[in-house]
Amino acid sequence: MSNEVLVLLGSASDMKITEKGLDLLKKLDTSFQLRVASAHRTPDHVYELVKDFDANGGKVILCVAGKSAHLAGVVASMTLKPVLGIPVFTPETAGFDALLSMCQMPGGIPVGTMGIGSAGFSNACLHAVSIISLSCKERLKNLSEYRSYMKDTVIQSDLKNRQNFVRGEALA
Ligand code: RP5
């Protein structure tokens, strides 16, 4: 039995955007394996990891990569499992190179592309749990509790920060 989620990083330097998302996977009780494998530098290793994950019943693959980011597309060509791509920011192009490399896939081999950087990776983790929750009631419950927690946090923040200032007078 494999982990449910495989997180592939194109380089260890991509680790910087993963902290919050990995915490979410842990919080939502979702098993994952994180590996570093590059579509350009170690294509054979990418192939082995994907085939092994597939053969062992893994569910969703997250590919984090920057620059001319072919990892997600190459992985998507090797599996029928859902593949989500997360572009990493690079100063030269603000991450648009990786974003376009992932979202402009030729028709037929989809990569579900998230936003650039840490928020994109967190959303990819939540989306992976959402996909898993289609066939897992406990995971659906975890996700629903997380939504309620976020809602409460915003409501608390409103109570703490609200201001009401009318014609020179602060009202309660
Ligand atoms: C990509 O090139 C990696 O995903 C990384 O974002 C970028 C730079 O890699 P390093 O030179 O830092 O290893 O393949």
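Order of appearance sets the numbers: ligands from 1, and atoms from 1 within every ligand.
- Note on residues 103-122: no pairs pass salt bridge (Lys or Arg N to Asp or Glu O under 4.0 Å), not counting sequence neighbours.
- Looking at Ser122, its side chain does come within 3.5 Å of a backbone N or O of Ser118 through a donor-acceptor pair.
- Evaluated for a side chain to side chain contact (heavy atoms under 4.5 Å, CB included) with Ile132, the options Val60, Leu143, Asn142 yield exactly one hit, Val60.
- Within the structure, salt bridge (Lys or Arg N to Asp or Glu O under 4.0 Å) contacts touching residues 131-145 (residues at least two apart or in different chains) are Glu4-Arg139, Lys141-Glu145.
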Output, or 'none' if empty, a list of ligand 1-protein atom pairs in which both atoms are N or O and the distance is under 3.5 Å, rounded to 0.1 Å.
unit_1   : atom_1 : unit_2 : atom_2 : d
ligand 1 : 4 (O)  : Asp14  : OD2    : 2.6
ligand 1 : 4 (O)  : Gly66  : N      : 3.1
ligand 1 : 6 (O)  : Asp14  : OD1    : 2.6
ligand 1 : 6 (O)  : Gly66  : N      : 3.0
ligand 1 : 11 (O) : Arg41  : NH2    : 3.3
ligand 1 : 12 (O) : Ser13  : OG     : 2.7
ligand 1 : 13 (O) : Ser11  : OG     : 2.7
ligand 1 : 13 (O) : Arg41  : NH1    : 2.9

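- Under the salt bridge (Lys or Arg N to Asp or Glu O under 4.0 Å) criterion, no residue pair touches residues 116-136, with sequence neighbours excluded.
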Checklist entry - Could you go step by step and tell me if Glu19 and Phe121 meet the side-chain contact (heavy atoms from CB on, under 4.5 Å) rule? => result CA-CA 9 Å; Glu19 192 183 338; Phe121 184 71; over 6 Å; no

